[in-house]
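We use all heavy atoms of the structure for the numbers below, so side chains are in, but hydrogens, waters and symmetry mates are not.
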Amino acid sequence: MSRHNQTNPELERAFIKMIQNHERIIYKVCSFYASECFTMEDLYQETVYHLWKSFPKFRYESSFSTWMYRVALNSCISVVRKESRHQQTAPLSFLTEDIAYEPDSEEEDLRELYRLIQQLKALDRAIILLWLEEKSYQEIADITGLTLSNVATKLKRIKESLKNMSNQ
């Protein structure tokens with residue numbers, strides 16, 4: 001933590017309150033990148049660290065949740081990219097661990113969708129995550145730094161790719 005953050009209790013209280021109010025965002029983003037290589041706890045901790053580090057620079061030019069999504073996505077993507085240099089695949093057995101009941105068809109479909117999403121590139125995962133969170137194309141553009149037309153094009157290609165992957 002920077003010296004500035006440690007010596008400002010008011011800033012610290014504001015940060016903690018914002019994190020508590022928007023904690024679901026962090027968990028949602030981390031869940032899309034969690035695997036046997038990257039636990040939810042590690043990704044969550046890394047994300048909160050990056051949020052804390054950059055919080056004093058937050059300028060309120062966008063909503064806090066938009067800014068938080070951007071930092072969380074960048075943190076998770078960064079961790080995944082660093083690790084992917086060392087390892088080519090990440091097993092997805094964590095999705096089915098500790099399930100003691102027979103899932104219904106809808107749950108199986110959802111699990112399959114997440115399995116397919118895990119196979120996408122990091123940025124594509126971020127885009128589809130935001131779309132599944134019912135973010136508008138403009139919000140997705142703001143969070144990812146892409147243009148609106150690029151978001152629309154990428155989403156169309158991602159959906160086609162997921163459809164093709166599911167048919168294989």
Which pair of heavy atoms, one from Val48 and one from Phe15, lies closest together, and at what distance? O-CZ, 3.9 Å
Please work out which of the three classes, parallel, tilted or perpendicular, describes the rings of Phe64 and His22, given edges at 30° and 60°. tilted
Applying side-chain contact (heavy atoms from CB on, under 4.5 Å), run through Leu155 and Tyr137 and close with a yes or a no. CA-CA 9 Å; Leu155 261 174; Tyr137 282 28; 3.6 Å; yes
Checking side chain to side chain contact (heavy atoms under 4.5 Å, CB included) against Leu43, which of Tyr27, Phe32, Phe38 comes through? Phe38
Would you confirm whether the ring centroid of Tyr49 sits within less than 6.0 angstrom of the ring centroid of Trp52? no
Atom pair CD1 (Ile143) and OG (Ser63), whose distance is rounded to the nearest 0.5 Å: 7.0 Å
Do side-chain atoms of Asp124 reach the backbone of Leu120 as a donor and acceptor pair under 3.5 angstrom? no
Met68 versus Ile25, closest heavy-atom pair with distance: SD-CB, 4.0 Å
Supply the atom-to-atom distance Asn150 CG to Ile140 CD1, rounded to the nearest 0.5 angstrom. 11.5 Å
Is a side-chain donor or acceptor of Ser54 paired with a backbone partner of His50 at a separation under 3.5 angstrom? yes
Would you say the side-chain atoms of Glu133 pair up with the backbone N or O of Ile128, donor to acceptor, closer than 3.5 Å? no
Taking C-beta and beyond as the side chain, do Leu73 and Leu130 meet within less than 4.5 Å on heavy atoms? yes
Any sub-3.5 Å donor-acceptor pair from Tyr33's side-chain atoms to Met40's backbone N or O? no
Show the numbers, then the answer: is there a side-chain hydrogen bond (donor to acceptor under 3.5 Å, both in side chains) between Ser78 and Ser75? CA-CA 5 Å; Ser78 175; Ser75 295; over 6 Å; no
Specify the closest pair of heavy atoms between Cys30 and Thr47, including all atoms of both residues, with the distance to one decimal. SG-OG1, 3.8 Å
Output for pair (Thr66 OG1, Gln138 CD), nearest 0.5 Å, gives 10.0 Å
Are the side chain of Ser161 and the backbone of Arg157 linked by a donor-acceptor contact shorter than 3.5 Å? no
Gln45 atom CD, neighbour heavy-atom count above 12 within 6.0 Å: no
When you check the gap from the basic side-chain N to the acidic O, do Glu23 and Lys28 get nearer than 4.0 Å? no
Under 6.0 Å from the CD atom of Glu160, do we count more than 12 heavy atoms belonging to anything else shown? yes
Would you indicate whether the side-chain heavy atoms of Asp142 and Ser62 approach each other to under 4.5 Å? no
Can you confirm whether Lys159 is buried at NZ, in the sense that more than 12 heavy atoms of other residues, nucleotides or ligands lie under 6.0 Å from that atom? yes
Where Ala34 and Thr39 come nearest, the two heavy atoms and their spacing: CB-C, 4.5 Å
I'd like to check Trp131 versus Ile127 (side-chain heavy atoms, cut-off strictly below 4.5 Å). Are they in contact? no
Heavy-atom closest contact (Lys154 atom, Leu146 atom, distance): CD-CD1, 3.9 Å
Side chain to side chain, Ile117 and Leu132, heavy atoms closer than 4.5 Å: yes
Between CG of Leu113 and CD of Gln118, what distance do you get to the nearest 0.5 Å? 10.5 Å
Considering all heavy atoms, the nearest Glu112-Arg115 contact: OE2-NH2, 2.7 Å
With side chains defined as the heavy atoms from C-beta onward, is the minimum distance between Tyr69 and Lys135 less than 4.5 Å? yes
Distance (rounded to the nearest 0.5 Å) between Glu46 CD and Ile26 CD1: 12.5 Å
Any side-chain heavy atom of Phe58 within less than 4.5 Å of one from Leu51? no
Using atom types as modelled and distance alone, determine if a side-chain donor or acceptor of Gln119 lies under 3.5 Å from a backbone N or O of Leu116. no
Short side-chain donor-acceptor distance under 3.5 Å, Asn8 and Glu12: no
